[in-house]
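First the structure, then my questions, so here it is.
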Amino acid sequence: MPPSEGETVPDFASLLCDGETFRSTPLSDALGARGGVVVCTGFAFSAIARNWWKRFVRAGWDEFDGVPVLGVSRDGPYAQNEFLRWLDRPDFRFFVDVNGDVSEAFDLLGERSHMANVSTPWRSAFVLDPDREIQYAFVADDWVSPLPVADIETAVADL
């Protein structure tokens with residue numbers, strides 16, 4: 001069962017990409033002074049990820065004060081850095097989840113019937129305070145639902 005509001009997420013460590021470099025970073029070190037938003041998508045250059053992240057750019061999510069937006073996808077660090085350069089937003093960063101360990105820590109992995117032997121995280125977003133406690137959680141129950149942007153923005157404003 002994916003974590004819900006009031007729960008504390010594990011302090012996983014994974015490669016964190018910034019568009020140029022990547023280094024192993026614990027989630028707690030990636031959060032800002034007020035917390036962070038963790039957004040899980042399947043693969044960086046998937047149509048849904050491109051749509052979502054461009055929407056985040058238009059919404060100004062790279063300008064949250066003290067609340068970084070952190071992606072999680074199954075791609076490796078070079079693909080993730082290329083995706084961040086494509087977005088042209090240096091304030092977004094991505095955790096590498098090639099083996100699904102991060103998604104597994106959030107209990108988000110789902111088998112994809114049209115992708116042989118591939119599992120991806122359910123599309124989801126978590127607004128965390130600086131202690132990794134979930135203030136808002138959204139987990140889609142299908143593979144195409146958009147994120148509730150207004151609800152996430154309200155949760156960030158309340159941090």
Side-chain angles (χ1 to χ4, degrees), residues 2-3 8-109 118-140 146-149 151-159:
T8 300
V9 299
D11 194 18
F12 64 82
S14 184
L15 295 178
L16 184 63
C17 302
D18 65 8
E20 296 299 326
T21 64
F22 51 88
R23 63 182 38 92
S24 184
T25 305
L27 173 61
S28 57
D29 289 353
L31 296 176
R34 294 175 45 221
V37 180
V38 176
V39 177
C40 299
T41 59
F43 296 98
F45 279 101
S46 69
I48 290 174
R50 287 188 313 230
N51 178 300
W52 279 18
W53 286 90
K54 281 296 188 178
R55 187 175 178 196
F56 303 159
V57 168
R58 288 190 303 273
W61 282 22
D62 56 331
E63 298 172 10
F64 288 153
D65 185 31
V67 183
V69 179
L70 307 163
V72 175
S73 92
R74 297 293 305 267
D75 288 300
Y78 298 105
Q80 299 223 24
N81 275 334
E82 181 62 27
F83 184 72
L84 288 166
R85 287 191 296 272
W86 175 80
L87 279 175
D88 195 27
R89 286 299 188 271
D91 294 333
F92 292 141
R93 293 175 289 159
F94 266 77
F95 279 106
V96 172
D97 193 25
V98 172
N99 296 324
D101 296 335
V102 174
S103 300
E104 186 69 34
F106 280 78
D107 197 21
L108 293 171
L109 284 181
V118 173
S119 59
T120 58
W122 286 99
R123 288 166 177 79
S124 53
F126 302 90
V127 177
L128 309 177
D129 71 13
D131 297 319
R132 302 184 329 277
E133 183 179 320
I134 299 172
Q135 303 302 306
Y136 176 83
F138 170 80
V139 178
L147 288 180
V149 170
D151 293 344
I152 293 168
E153 291 171 346
T154 297
V156 168
D158 290 343
L159 286 174

- side-chain contact (heavy atoms from CB on, under 4.5 Å) between T8 and D131: does it pass, once the steps are laid out? CA-CA 8 Å; T8 300; D131 297 319; over 6 Å; no
- Query: Rounded to the nearest 0.5 Å, how far does CG of D88 lie from NZ of K54?
  - Reply: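 Reported to 0.5 Å precision, the distance equals 7.5 Å.
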- Between D129 (side chain) and G35 (backbone), is there a donor-acceptor pair under 3.5 Å?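 Between the backbone of G35 and the side chain of D129 there is no qualifying donor-acceptor contact (under 3.5 Å).
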- Note on the structure: Rounded to the nearest 0.5 Å, the CZ atom of R123 sits from the CD1 atom of I48 at a distance of 3.5 Å
- Message: Show the nearest heavy-atom pair for residues A30 and L16, with the distance to one decimal.
- Response: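 Distance-wise, the nearest heavy atoms are CB-CD2, 3.8 Å.
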- Query: At what distance, to the nearest 0.5 angstrom, does CZ of R132 lie from CZ of F12?
  - Reply: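 Spacing of CZ (R132) from CZ (F12) equals 9.5 Å.
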- Message: For a quick test of reading the model, state the closest non-hydrogen atom pair linking V72 to F94 and the distance between them.
- Response: N-CD2, 4.0 Å
- Just by modelled atom types, is the P146 backbone N or O under 3.5 Å from a matching donor or acceptor in the R55 side chain?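 Not at all, since once roles are kept as given, no pair shorter than 3.5 Å links the two residues.
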- Query: Can you name the ring pair (Phe, Tyr, Trp, His ring centres under 6.0 Å) partners of F64, sequence neighbours left out?
  - Reply: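 Ring pair (Phe, Tyr, Trp, His ring centres under 6.0 Å) check on F64 returns W61.
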- side chain to side chain donor-acceptor pair (under 3.5 Å) partners of N81, counting only residues at least two apart: none
- Any sub-3.5 Å donor-acceptor pair from R93's side-chain atoms to L84's backbone N or O?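 Side chain of R93 to backbone of L84, a donor-acceptor pair under 3.5 Å: no, none is there.
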- Among P3, S124, P2, which one satisfies side-chain contact (heavy atoms from CB on, under 4.5 Å) with F106? P3
- Query: What distance do C17 atom SG and F95 atom CZ have between them, rounded to the nearest 0.5 Å?
  - Reply: 9.5 Å
- Is the closest side-chain heavy-atom distance between I152 and V127 below 4.5 Å? yes
- Query: Atom CG in D75, atom CD in E82: separation rounded to 0.5 Å?
  - Reply: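 So the CG of D75 and the CD of E82 are separated by 11.5 Å.
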- Message: For A125 versus L147, what's the shortest heavy-atom pair and its separation?
- Response: CB-CD2, 3.9 Å
- Item | Distance-minimising heavy-atom pair for D62 and V57 | OD1-O, 4.3 Å
- Task: Fit a plane to each ring of F56 and F92, take the angle between them on a 0 to 90° scale, and name the class: parallel (under 30°), tilted (30 to 60°) or perpendicular (over 60°).
- Result: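 Because their plane-to-plane angle is over 60°, the rings of F56 and F92 count as perpendicular.
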- Message: For a side-chain contact (heavy atoms from CB on, under 4.5 Å) check, start with the C-alpha distance between V38 and V9, then their side-chain angles and the critical distance, and finish with the verdict.
- Response: CA-CA 11 Å; V38 176; V9 299; over 6 Å; no
- Message: How close do A13 and S24 get, counting heavy atoms only, and between which atoms?
- Response: CB-OG, 4.2 Å
- Query: For S73, does its backbone N or O pair with a side-chain atom of Q80 as donor and acceptor, under 3.5 Å?
  - Reply: yes
- Task: Could you tell me the separation between the CH2 atom of W53 and the OG1 atom of T41, rounded to the nearest 0.5 Å?
- Result: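 It comes to 7.0 Å.
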- Compute the ring centroids of Y78 and F22, then answer whether they are less than 6.0 Å apart.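 Under 6.0 Å, so yes.
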- Message: Would the distance check show the side chain of D97 and the main-chain N or O of S103 forming a donor-acceptor pair, the cut-off being under 3.5 Å?
- Response: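 Yes, D97 side chain to S103 backbone: donor-acceptor pair under 3.5 Å.
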- Minimal non-hydrogen separation, S14 against V102, with atom names: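 So the two residues come closest at CB-CG2, 4.0 Å.
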